[in-house]
There are 2 protein chains.
Amino acid sequence: MNDIKDKLRTHIEKMISLSDDEFSWIYEHFTFQEFKKNELIFEEGQPVKHVYFVLSGLVVLSYTDRDAKQHLISFAMEDWWETDFVAFYSKSRSTFALKCIENTKMLCLTLDHFEKLCATIQKMEHFFLKKSIAGHIGSQQRILSFLTSSAKQRYEHMITNHPALVQRIPKSMLASYLGVSRETLSRIL
Amino acid sequence: MNDIKDKLRTHIEKMISLSDDEFSWIYEHFTFQEFKKNELIFEEGQPVKHVYFVLSGLVVLSYTDRDAKQHLISFAMEDWWETDFVAFYSKSRSTFALKCIENTKMLCLTLDHFEKLCATIQKMEHFFLKKSIAGHIGSQQRILSFLTSSAKQRYEHMITNHPALVQRIPKSMLASYLGVSRETLSRIL
DNA sequence: TTGAAAAAGTGATATTTGTCACACCGTCTT
DNA sequence: AAGACGGTGTGACAAATATCACTTTTTCAA
């Protein structure tokens, strides 16, 4: 249990510093959950009650279009925060699914607790602002890669920038994340 | 001048509420700047000292690749915040250029002032967190459009969701923003 | 008013990528 | 050991999009 607390604390303290009391109080607002490989955390049409902090394992956020084709929006591994942010913040139903690629341990934070943390400890609002900005910048970089790069270049970019992630996912998933067909990715290699 | 103050205040108060004193103090941290059509606000390689709040007009954030080809990352019109966020937050040099498509009036906020506002008035940190989340969600939607949609569908999506913007920019720019060639967009219409 | 520059349309062709069909391989279960 | 299944590779062909060259239209300033 203490390694879980440490993991969250170390993560938050990369950006802000907290007293023992502050951290203990913060930690009380999270719940722990464990999921097995291939298990669905939530799926399309369901309410999204939490934002998830990944302690270990790997999850993927996906969208299924009218033709039942799956599109992978993002992966989240250790130290990442993930959820369907639209559904989470507006307390509405998800347009995405969140699924485990590996056995995964997560800390879960409800919107009410998220807002309570932000309102009570300003440093936490600051922390989440920084996280959100980083997320925004990451998304902008991905958009730029769609605008400027061929499928091959996007693949090579993944290999150099996220080699650990590439090792852990089947190539068919990587293809979907990169926005190319499985077959095209196979020929690119 | 008062219409400028009102514009900013109305914008911020859509999300949080402020006393007259609070707003006046906040407003003092901004500087006003006016640019002409086609003027560069900053370009690749320059430091980015401000985040810009667009009062009126239209600007575009762009990236130029090794082949000197321009790619349009985002547009910002009235009530939008824009800058090269990487360069702004890290006080480093820009990889993007910010250019005026129309005569544009903006309010400018330095990083130091941004941080001072956030640190002093928690509501402002809350405001910027909400803005950042909205930006992140917008980027994720755009990524999803690259994953799921053809050029034609992306174009139609723009027409229905940002008709005002489409009217104000040349089709060649719209093409670049959508990630297709000018000629392909022309044939799609 | 007119001429230059910018923006937009179009035909011909090349390139990239998707789709479908099928083969191959390893793992897991029974 | 046999069969089922997921993941992957590949050939043939179709569809989408890029590129190049050129024309037409629009805009705007001298």
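Because the structure is a prediction, the values reported are computed rather than measured. Labels below follow one simple rule: chain letters A, B, ... track the order of the sequence lines, proteins then strands, and each chain is numbered from 1.
To the nearest 0.5 angstrom, Cys118(B) atom SG is 10.0 Å from Phe127(B) atom CZ.
Aromatic rings of Tyr177(A) and Phe75(A) (six-membered ring for Trp) have centroids within the 6.0 Å cut-off, being under it. Taking the six-membered ring for Trp, Phe114(A) and Tyr89(A) have ring centres closer than 6.0 Å. Taking the ring centroids of His50(A) and Phe88(A), they lie at or beyond the 6.0 Å cut-off. A centroid separation of less than 6.0 Å is found between the aromatic rings of Phe128(A) and Trp81(A).
The side chain of Ser172(A) contributes an N or O atom lying less than 4.0 Å from OP1 or OP2 of dT8(D).
Going from atom CG of Leu174(A) over to atom C1' of dG6(D) covers 17 Å, rounded to whole Å. Per the geometry, CG belonging to Leu185(B) stands 10 Å off P belonging to dA18(D), to the nearest Å. In this structure, CZ of Phe146(A) is placed 12 Å from P of dT17(C), rounded to the nearest angstrom. Atom pair His71(B):NE2 and dA18(D):C1' shows a separation of 13 Å (rounding to whole Å applied). Atom pair Ile169(A):CD1 and dT8(D):C1' shows a separation of 15 Å (rounding to whole Å applied). Across the protein-nucleic acid pair, Tyr155(B) atom OH and dT17(D) atom P stand 15 Å apart, rounded to whole Å. One can place CG of Asp65(B) at 14 Å from C1' of dA18(D), the figure rounded to the nearest angstrom. Between Arg154(A) atom CZ and dT17(C) atom C1' there is a gap of 10 Å when expressed in whole angstrom units.
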Please list, for nucleotides 19-22 of chain C, all pairs of protein and nucleotide N/O atoms separated by less than 3.5 Å.
{"unit_1": "dT19(C)", "atom_1": "OP2", "unit_2": "Lys69(A)", "atom_2": "NZ", "d": "3.3"}
{"unit_1": "dT19(C)", "atom_1": "O4", "unit_2": "Arg187(A)", "atom_2": "NH2", "d": "2.9"}
{"unit_1": "dC20(C)", "atom_1": "N4", "unit_2": "Glu183(A)", "atom_2": "OE2", "d": "3.3"}

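Screening Lys105(B), Arg168(B), Lys7(B) for a salt bridge (charged side-chain N to carboxylate O under 4.0 Å, His left out) with Glu78(B), the sole residue that qualifies is Arg168(B).
When distances run from any side-chain atom of Lys171(A) to the nucleotides dC28(D), dT8(D), dT17(D), the shortest one goes to dT8(D).
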ask   = Which is it for Glu82(B) and Ser74(B) under the side-chain hydrogen bond (donor to acceptor under 3.5 Å, both in side chains) test, yes or no, and what are the steps along the way?
value = CA-CA 9 Å; Glu82(B) 190 64 278; Ser74(B) 62; 2.7 Å; yes
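Along DNA chain C, the nucleotide nearest to Ser149(A) and the one nearest to Met173(B) differ in position, and the one closer to the 5' end is contacted by Met173(B).
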